[in-house]
2 protein chains.
Amino acid sequence: MTIKPAKTMTLSDIARLAGVSESTASRALRDNPVINAQTRQKVQQIAADHQFKVNATARSLRTQKSHTIAVIILFDAKTQQAITDPFLLDILGVIADELTRQGYDMLLSTSKTTDKDWRSYYFDSKRADGLIVIGQGEHDERVEQLSNAGVPFVVWGAATGTEHFPVIGSDNRQGAQLAVTHLLTQGCKRIAFLGDIRHSEIEMRYLGYQDALQAAGIKPEAKLQLNTDFTAQAGYLQTQQALFSELGSLDGIFAASDAIAMGAMKALLEHGIKVPQQLALVGFDDIAMSAYCTPSLTTVKQDTHAGGKLLVAQLLSRINGGKAASQLLPVKLIERQSSLRGN
Amino acid sequence: MTIKPAKTMTLSDIARLAGVSESTASRALRDNPVINAQTRQKVQQIAADHQFKVNATARSLRTQKSHTIAVIILFDAKTQQAITDPFLLDILGVIADELTRQGYDMLLSTSKTTDKDWRSYYFDSKRADGLIVIGQGEHDERVEQLSNAGVPFVVWGAATGTEHFPVIGSDNRQGAQLAVTHLLTQGCKRIAFLGDIRHSEIEMRYLGYQDALQAAGIKPEAKLQLNTDFTAQAGYLQTQQALFSELGSLDGIFAASDAIAMGAMKALLEHGIKVPQQLALVGFDDIAMSAYCTPSLTTVKQDTHAGGKLLVAQLLSRINGGKAASQLLPVKLIERQSSLRGN
DNA sequence: AAGCATATTGCAATCGATTGCAATATGTCC
DNA sequence: GGACATATTGCAATCGATTGCAATATGCTT
């Protein structure tokens, strides 16, 4: 039998019940040591008895802090799809937990929401103290605008070193290089790249792909780079098409995401191509499913946990008057069946 | 060259600049027809010039409406994992879009956040006007409490007909029945059920499983129901174990989620069991990857789009003084390779 | 020209909590 | 007993917008 308050209690109600002023009540509830211990205790007890909760709106108005961070997930302008890649979900979960741990709420915005002017909507209107933008996408001018407007924000994406706002992201170039070098080690000679290089993260992966080839004395062929959206379907269709085209014979594929890789795998298997014997395949992200497809997928694992924590840490530091710096996170190659030929 | 406001503009600034009172300015900005058209225009122009945005906090305080909905994703008490199933991501995206369309913001809370008392934290504190709870999980008392507290909320889960709060969800029982009937039609005689029936949604699926067997004159064996978490890993391990145990020979598996099914598939293939010839497999959810594993996965498709829209519609109706009703959404069997034996 | 309806605008209270500063009470020292 | 330091508490302003009601202006009627 919980007491069901007829109407919401306010601080003034609590103060009256405790026989103190609102200021004392307010201080008592916030454990301000200047208030006498007994008074403090009494006020807190009464507040608890009446299930009093501070009105977050009033507090925000007065303190000029919302204690809320807006997380914006950029959607692909082309596919119009919001969050689809399981990878996003991973990092989103980490960010959510970390924000909570730090006492912040998370306002989530996806796809169409972002038609809005983020700065106006979230920051100028005081809905949020700062922004986390996930996925730079294809060079978004809106991100650039943010940096001119004094809005505290951090981006998950590709730190190229040239942007003038803080970007946290995996070392995509290094990851791709590891992956492609691995393919070369497994004996691949002609490796296709599946991914849309208009996304800056993917562009970095493509650079890593080229690095690896060049290090092995192989000249990258432009026609082996095939623009592919972030979906299994796109990977499937692109691979089918590649197999029918006059690309010549491939013996390796590096896909810019695991979802793409799985689509590619499907197409290959349908065509009776043996993976990894005839063609070795490597993805990127290490989503949960990668270990459980057949053959299991070799991939580059991003440290989403570190990434999420870092995004939050940098943003909060920035909000609290400090600086936020770009940072590259190390990645790791996870070798599985799709590329291991057992020499 | 955007004008960079030295400090944030307030309504009073705009009023002063326009030479009108704050009340007139406020009304003008909200397109109140009582204000003279010219005045209205002038105020709006000035506001636009100075990139004025209404302070959402102040408005909320005054109007007593946050125009925010808290979405709570229940995590599994056991695995301690937050959002992992791709299915959640789907429905979350739909809800986000729909809330945006309706002019609401979305406060997302996962896993550890939910240690809090939701009612206090989100509703009593006026952070949100209502709650959407996703995943009833294993009979959560906290959901029950909400319904006693007059908080507007809706749940995505299993509408059993006995709960006294609005639940929107797929017709899990019907879906399972379709799936298992399909397996029987394909000639399966002994079908295992992989899923944790302590989750009410899964319980409904188990009932549907039993319905189908009984309709075919088969007596369900309790030992063929194997509790399994919502992950590919759990499906994999459980299936491995099942194959080594003295369950006798199975020729069909109905998994309570696609992720579980994919784990199961992995285990089967590793053991050289031919899918679907020796053992047919059906999942639930129709996540994006299901069409792209090999063999592709037969599954029961949930209408996440309708579900998300309905959740939002019902909640807003409830907030606006109306009623919210539980509702069952129809599902659809998607037949793919993992179960089709071509008779 | 007085009377009254209608169109616009402004005054001032209000939403609920926080906080700088002043006020009071208590204790200590010489 | 007076002076002064310290511990507690309260007053009142403030955050920024919204809104009921009153005030003023304008136009029309007879």
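Residue numbering restarts at 1 for every chain, and letters A, B, ... go by the order of the sequence lines.
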What N/O pairs connect the protein and nucleotides 25-28 of chain C at under 3.5 Å? Give each pair on its own line.
none

Please give the angle, rounded to 10 degrees, between the axes at the start and the end of the helix from dA1(C)-dT30(D) to dC30(C)-dG1(D), where five pairs define each axis.
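The helix from dA1(C)-dT30(D) to dC30(C)-dG1(D) shows an end-to-end axis angle of 60°.
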Within residues 38-47 of chain B, which residues have any heavy atom lying less than 4.0 Å from an atom of DNA chain D?
none
Would you jot down, in residue-number order, the residues of residues 56-68 of chain B having a non-hydrogen atom under 4.0 Å from DNA chain C?
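Going residue by residue through residues 56-68 of chain B, the ones with a heavy atom under 4.0 Å of DNA chain C turn out to be Leu61(B), Arg62(B), Gln64(B).
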Counting only non-hydrogen atoms, which of residues 17-36 of chain B are less than 4.0 Å from DNA chain C?
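The stretch gives Val20(B), Ser21(B), Ser23(B), Thr24(B), Arg27(B), Val34(B), Ile35(B), Asn36(B) as the residues lying under 4.0 Å from the strand, ordered by number.
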Working to the nearest 0.5 angstrom, can you tell me the gap between [X] [atom1] and [Y] [atom2]?
| X | Y | atom1 | atom2 | value |
| --- | --- | --- | --- | --- |
| Ile319(A) | Gln314(A) | CD1 | CD | 12.0 Å |
| Ile132(B) | Ile95(B) | CD1 | CD1 | 4.5 Å |
| Leu107(A) | Asp105(B) | CG | CG | 5.0 Å |
| Met106(B) | Glu98(B) | CE | CD | 12.5 Å |
| Ile134(A) | Ile73(A) | CD1 | CD1 | 5.0 Å |
| Lys53(B) | Leu11(B) | NZ | CG | 13.5 Å |

Got a sec, which residues hit side-chain contact (heavy atoms from CB on, under 4.5 Å) with Ala128(A), two or more places apart in sequence or on another chain?
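Partners of Ala128(A) by the side-chain contact (heavy atoms from CB on, under 4.5 Å) criterion, ordered by chain and then number, come out as Ala70(A), Tyr122(A).
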Who pairs with His305(A) by ring-ring contact (aromatic ring centres under 6.0 Å, His included), at least two apart in sequence or on another chain?
none
Taken in chain and number order and not counting sequence neighbours, the residues that satisfy ring-ring contact (aromatic ring centres under 6.0 Å, His included) with Phe153(A) are Phe165(A)
Positive for side chain to side chain contact (heavy atoms under 4.5 Å, CB included) with Leu310(A), one of Leu315(A), Asp303(A), Ile168(A)
Ile168(A)
Verdict with supporting geometry, Ser21(A) and Thr24(A), side-chain hydrogen bond (donor to acceptor under 3.5 Å, both in side chains):
CA-CA 5 Å; Ser21(A) 71; Thr24(A) 300; 3.1 Å; yes
With a strict under 4.0 Å distance from non-hydrogen atoms of chain A, what nucleotide opens and what nucleotide closes the contacted stretch of DNA chain D, reading 5' to 3'?
dT8(D) to dG16(D)
Correct closest heavy-atom pair for Ser326(A) and Val167(A) would be OG-N, 2.9 Å
Tell me the closest heavy-atom pair linking Leu328(B) and Ala159(B), and the distance in Å.
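Minimum heavy-atom contact is CD2-CB, 4.3 Å.
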Contacts of type salt bridge (Lys or Arg N to Asp or Glu O under 4.0 Å), residue Asp124(B), not counting sequence neighbours
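Checked Asp124(B) against salt bridge (Lys or Arg N to Asp or Glu O under 4.0 Å); matches are Arg119(B).
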Salt bridge (Lys or Arg N to Asp or Glu O under 4.0 Å) partners for Arg62(A), two or more places apart:
none
Name all pairs fulfilling the side-chain hydrogen bond (donor to acceptor under 3.5 Å, both in side chains) condition that reach into residues 26-42 of chain A, sequence neighbours left out, sorted by first residue then second.
Asp31(A)-Gln44(A)
Ignoring hydrogens and angles, tell me if any N or O in the side chain of Ser60(A) forms a donor-acceptor pair with the backbone of Thr57(B) under 3.5 Å.
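Answer holds: no.
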